[in-house]
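Have a look at the structure below before the remarks.
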Amino acid sequence: MIGLADCNNFYASCERVFKPSLNNKPVVVLSNNDGCIIARSNESKRLGIKMGEPVFKVKNLIKENNVRVFSTNFSLYGDLSKRVMTTLKSEVSSVEVYSIDEAFLDFSDHLNLDRLIYIRSKVKKWTGIPISIGVAPTKTLAKVANYLAKKHKEKGVFILDDDDLIKKVLKDFSVQDLWGVGRRYSRKLNQLNIHNALQLRNLDTDWLRKKFSINMVRLQKELKGEVSYSFDSNDSIRKSICTSRSFAKEVREFNTLKEYVSNFAVNCASKLRKQKSYCSKLSLFLMTNRFKSNVKQYYPSITLDFLTPTNDNLEIVTMANKALKRIYSSNFIYKKAGVVLHNTVLKEDIQMSLFDQIDRKKRAKLMCSIDYLNNILGKNKVRVASQGLKENLDFKRNNLSPSYTTKYSDILTIKI
DNA sequence: TCTGGGGTCCTAGGACCC
DNA sequence: TCTGGGGTCCTAGGACCC
């Protein structure tokens, strides 16, 4: 049996951990640049605030109901996520971290309701984060079970084990709420007169394969209780690493863009080193403001190869700036840019180049020193010149909460 | 005025091989 | 006039996830 533990309204719950006065009050968390709503407490959901909605569209609703608004604070969410995962690992034999707020749990040893209730209360007690747990024979069904667990408010856990129960539950479960069915597929399924998950489960598999891709067949198998997506606790490395941002103010100048791109490249390289891997390709993309219908649009992108896989700041920044020169056009004003590193490999799998001229041992030492210094002194204290000298690039974060758990100056003070 | 960021996997089509 | 068959690898784009 596979469990799915999912943190309830995760980012909103994180904001509440060190500020209990927010309990029972509507809370929302915003995306980068304070643009869209990306997390809502139950109270905010009840007000009708939608996921992904631009905040300026619900300004009145927020004001009238005194909704507490927070800028995104990823160092806080990332750290609390780690705590939740560590707590889960202390209770089950194997954990597959699936996202910042979700993990699959191995319950092949033993399973009962009391165990789930205990795990849930332990996570709440140790981290302050409320979670729900659903358990079933497959990951897809565990997702369904978790959905039901969230509805059972007082318990917050649900076991979906016998096939009659599964059928009964699937009959009342909309296809659009299934894991792996998004907007497009749900529309197509509805057009084919398939509305609930039981109907999907009972379809002819060959027919389904013809109408959709192999993924839909895998999904169907999982609904029948047969595993398509096996449990995998290996912490494998990321296959691609991306840093992209929308700019608070649109950018026209090449040199300004170059500073952003250099910073994105350095950020990617440092993530790459954190997972001890190397990349052999770099992509760069630029975007104009897609919401301005009266302005000519331009979405260029380019992919360049490294002769030898690398995770070196200097090489990666140089390549990113080379890419920028190739696709930049002064005829447009840009709203967003991003750097993607891909084809990542581990050190032992690197294919060296016969014509490589870089002293890689020396460079690795240099990167090690840079990481060490920046770790102590603060991000980007030691930097590549083309990153520019601005302490913080221009991104809007007007309602940022303290980084209670990752910054000495932000540690909670208690008055006794 | 203001509209997020970071991932995975699959497929079709092109370029190439013998 | 007539122009094969069987592969691999790569990329861009599209679907999905959180």
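Values below: all heavy atoms of this structure, side chains included; hydrogens, waters and symmetry mates excluded.
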Output yes when at least one side-chain N/O atom of A:Lys188 is less than 4.0 Å from OP1 or OP2 of C:dC16, else no. no
A:Glu226 versus A:Thr138, side-chain donor and acceptor atoms under 3.5 Å: no
Base, sugar-phosphate, or nothing for A:Val340, non-hydrogen atoms under 4.0 angstrom? nothing
Identified side-chain contact (heavy atoms from CB on, under 4.5 Å) partner of A:Met1 from the options A:Leu160, A:Leu141, A:Leu111: A:Leu111
Distance-only donor-acceptor hits, side chain of residues 244-252 of chain A, under 3.5 Å, sequence neighbours excluded:
from     : atom 1 : to       : atom 2 : distance (Å)
A:Glu250 : OE1    : A:Lys292 : NZ     : 3.3
A:Glu250 : OE2    : A:Asn289 : ND2    : 2.8
A:Glu250 : OE2    : A:Lys292 : NZ     : 3.3

Under 4.0 Å, counting only non-hydrogen atoms across every strand here, what does A:Glu102 touch: a base, just sugar-phosphate, or nothing? sugar-phosphate
Touch class at under 4.0 angstrom, heavy-atom based, for A:Leu219 against every strand present: nothing
Listed by chain and number, what are the side chain to side chain contact (heavy atoms under 4.5 Å, CB included) partners of A:Asp34, not counting sequence neighbours? A:Leu30, A:Ser71, A:Lys396, A:Asn398, A:Asn399
Between A:Arg383 and A:Asn380: side-chain donor-acceptor atoms closer than 3.5 Å: no
Counting any heavy atom closer than 4.0 Å, what does A:Phe10 reach on the DNA or RNA strands: base, sugar-phosphate only, or nothing? nothing
Output all residues satisfying side chain to side chain contact (heavy atoms under 4.5 Å, CB included) with A:Ser401, sequence neighbours left out; order by chain, then residue number. A:Glu15, A:Phe70, A:Asn73, A:Leu76
Scan A:Lys139 against the nucleic acid and name what it touches under 4.0 Å (heavy atoms): base, sugar-phosphate only, or nothing. nothing
B/S/- along nucleotides 2-15 of chain B (protein heavy atoms under 4.0 Å) is BBSSSSSSSS----
Test side chain to side chain donor-acceptor pair (under 3.5 Å) applied to A:Thr303 - qualifying residues, sequence neighbours left out: A:Ser283
Given the ring of A:Phe212, does A:Lys188 sit roughly above its face, with NZ or CZ under 6.0 Å from the centre of the six-membered ring and within 45° of the axis? yes
Starting at atom CD1 of A:Ile100, determine the distance to atom P of C:dC18, rounded to an integer number of angstrom. 14 Å
Starting at the 5' end of DNA chain B, write a dot or bracket for each base, bracketing those in Watson-Crick or G-U wobble pairs whose two distances are under 3.5 Å and using | for partners on another strand. ....||||||||||||||
